[in-house]
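Inspection log for the structure reproduced underneath, given as structure tokens.
The first residue in the sequence is number 1, and the count goes up from there.
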Amino acid sequence: MSFNDVPWRQIDLNLLVAFAYLYRCRSVSQAAEQNCVSQSAMSHSLARLRRLFDDELFERKGHVMEPTEYAHQIAPALEQLLDTLSETLLNKAQFVPQKYEGVCRIGLTDYAELNFAPVIYDRIRAEAPEAQISFVNVNRSNYITLTEKEKLDLVIGSITEPDESFDNLILYTERHVCLVDPAQFATQIPLDLAAFAETEHALVSPDGRLTTQVDQLLARAGLTRRVTVASRNFLTIQRLLRQRRLIAIVPLKMAQLACEDAGLRYFDPPLPVPDFDIAMLWLKKRQLDDKSVWLRGLIGNVLAEPTVGDRTGK
């Protein structure tokens, strides 16, 4: 008989537990006590078992309920079934990082991936040497979809007002700076507000837009700027800045990387560009998941360390 041929709606799997206690105790009263039910409830279960298996199963001989030949026959299979259920479904194994051989899937914005992928990789591998790490590029527009599709454990980046299905933790606050090729500006650094507005701008734009809050701030001062190029990728903007009279407003940690890697220079903007928060997000339904708890603690500690991403470059 196949799975689809069994009338499951007519079968109470709790009866299998009752059978196991009866077979072990050979007594209705003792089986009821161990199963934490009344004696009448256990007697009712026995009656239902007899109908289910079309066999007496247990026959009274003096003060003992002796199993029938058929009961002896099915007992090992039922015991194995209950042991399997207990071990694989009900007794969840404790998560041990040192023994974990699965994949840690982490969604990172362009900013977070550039700055933190190496240190996150090193720390995970230090605590879970058998684990693999998959970094998935996300942004504000797709992180919800990609979290489900890619089964992401966490998401890290500047994501304001997270979806209600996520919990989040603010890791730290980042500030903006201006980034340029110093050879193209000679002694003009830092730029005053008028020179800043007159210079052509390159824009890191995760969503493809060519305007930001900077344009609103300039408008309040009666000024406008011209954005001549935008890219979702910071490394593209970094390359464009070299040998060109362009300016880009970028997060401080990105600017510090560019100063190290490309010989660029950063300075404070001539107008008050608001800071922004870097957060770690995870699905609420995974709040108590052992692996998620471990990853959140690990990454929270890593990114809270003052030396992470702390570079000089003015």
Quiz item: cation-pi between Arg245 and Phe185, 6.0 Å / 45°:
yes
For Trp282 and Phe166: C-alpha separation, side-chain torsions, deciding distance, then whether ring pair (Phe, Tyr, Trp, His ring centres under 6.0 Å) applies.
CA-CA 5 Å; Trp282 62 93; Phe166 286 79; 9.2 Å; no
Polar contact flag, side-chain donor to acceptor under 3.5 angstrom, Thr109-Asn139
no
Polar contact flag, side-chain donor to acceptor under 3.5 angstrom, Thr173-Asp277
yes
Donor-acceptor pair between Tyr111 and Glu174 side chains, under 3.5 angstrom
yes
Over 60° means perpendicular and under 30° means parallel, so classify the ring planes of Phe196 and His201, tilted if in between.
perpendicular
CG of Asp261 to CZ of Arg239: how many Å apart, nearest 0.5 Å?
12.5 Å
Looking only at atom types and distance, does a side-chain atom of Asp192 sit under 3.5 Å from a main-chain N or O of Ala195, one as donor and one as acceptor?
yes
For the side chain of Asp153 and the backbone of Arg105, is there at least one donor-acceptor N/O pair under 3.5 Å apart?
yes
Aromatic rings Phe58 and Phe19: how do their planes relate, parallel, tilted or perpendicular, breaks at 30° and 60°?
tilted
When you compare the side chains of Arg140 and Ser158, does any donor N or O come within less than 3.5 Å of an acceptor on the partner?
yes
Going through the checks in order, is the side chain to side chain donor-acceptor pair (under 3.5 Å) test met by Ser165 and Asp163?
CA-CA 5 Å; Ser165 62; Asp163 183 79; 2.6 Å; yes
For Glu33, is the CD atom crowded, meaning more than 12 foreign heavy atoms sit under 6.0 Å from it?
no
